[in-house]
Amino acid sequence: MKKLVIAGGTGFLGQVLARHFTRKNWQVIILTRDPHPPTFVGQPLNWNGETLGSWTAALEGAHAIVNLCGKSVDCRYHPSNRKQILDSRIAPTRVLAQAIQKLERPPAVWLNAASATIYRHSLETPMDENHGELGDGFSVDICRAWEAAFFEDNLTQTRRVALRTSMVLGHGKNSVYPILARIARCGMGGKLGSGEQMVSWIHEADFARAVEFAIDDEEISGTLNVTAPAPLRNSVFMRAIRGAVRIPFGLPHYRPMLEVAAWLLRTETELTLKSRFAVPAKLLKRRFVFYYPFVDEALGDLARNRPLGLAPLGPQIAHNFKP
Ligand SMILES: NC(=O)c1ccc[n+]([C@@H]2O[C@H](COP(=O)([O-])OP(=O)(O)OC[C@H]3O[C@@H](n4cnc5c(N)ncnc54)[C@H](OP(=O)(O)O)[C@@H]3O)[C@@H](O)[C@H]2O)c1
């Protein structure tokens, strides 16, 4: 049985991966700060995300580590939140690197969350791992620091992959899809801003499959765009959302309205208005096959399979891990 350790695995993407790999008979261990985590898929193990401790024993002999830690960016970017967004990504990354260096049997591969938002606002030019141009501003600075921390140590026995993931469409808490679907059902699912901005996205099933693919394929290292091959304009994306929930019309949201709504909802318009045009050059070069290359099928699947996407695997899956 192969062992996978997921740091920050209690969240949306962590649970997508925990379900995927548990179904494949992997042993899945979840590093969490929560002393009483709710029942979820995987074996919870406490850490603080900052310092070495007894949790490091769980890494010994693991085949792969995936680190997904990070405070949600869905908040106002005031100084305190900015610091937490940065620290919650850098500290867990650094302490995992320290832990790996002390192991007798380090993992073959370590995948760290990163983000496709590292690329510049681009309306016309696709951004791949080789030629994509990095942007500037707060979110990009976070992404740069995050990747720099991930690659700063010399880990000779562990292959590293930074997952530059785009918006993952799924049913979990913290996924944007249920929110957009709800807005569309209320007849409010029109374009956001000009609607010209590109939307990069990936279905949760393909996210999990791409992570497994990157674990298996020893040729993959460095940065990896984890995103579907067919990004699209926001106006078209919102039309696809309306189609999935079968509401034929949707009121558009003009920029001033979005600014007010973002302030009221304690979030930032950058999350919806930045043009994200990432493409998965490396995955395609390595012949990864997407189950959901096009958004209509991806959204159709999510609209049809809502209960199944959340189905727990059974109580036997969640139990405490003793190192
Ligand atoms: N969802 C997406 O579409 C998407 C796209 C691109 C990139 N990403 C990145 O992928 C990662 C996972 O995303 P997600 O949607 O699964 O996020 P999520 O649901 O918010 O989960 C993040 C996890 O990080 C842990 N965490 C938060 N602050 C921490 C800290 N200070 N120290 C240690 N752990 C901390 C939490 O675990 P505990 O509270 O249990 O410790 C939580 O389960 C994030 O870094 C996110 O930026 C997500």
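Read the numbers this way: they start at 1 and go in the same order the structure lists the ligands and their atoms. All of these numbers come straight from a predicted model, not from anything done at the bench. Numbers here are sequence positions counted from 1.
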Report yes or no: does E60 contribute a side-chain atom to a donor-acceptor pair with the main-chain N or O of E104 at less than 3.5 Å?
-> yes
Atom CZ of F290 and atom CD1 of I202: how far apart are they, to the nearest 0.5 Å?
-> 5.0 Å
CD1 of I247 to CZ of R185: how many Å apart, nearest 0.5 Å?
-> 8.0 Å
Side-chain donor or acceptor of N46 paired with backbone N/O of T32 under 3.5 Å = yes
Hydrophobic clusters join Ile, Leu, Val, Met, Phe, Trp and Tyr when side-chain heavy atoms are under 4.5 Å apart, directly or via other members; which others share one with I179?
-> I183, M188, L251
Lining ligand 1 at under 4.0 Å, by non-hydrogen atom distance, are residues G8, T10, G11, F12, L13, T32, R33, L68, C69, G70, K71, S88, R89, P92, A113, A114, W146, T165, S166, M167, V168, N174
Plane angle bin for Y292 and H203 - parallel if under 30°, tilted between 30 and 60°, otherwise perpendicular | parallel
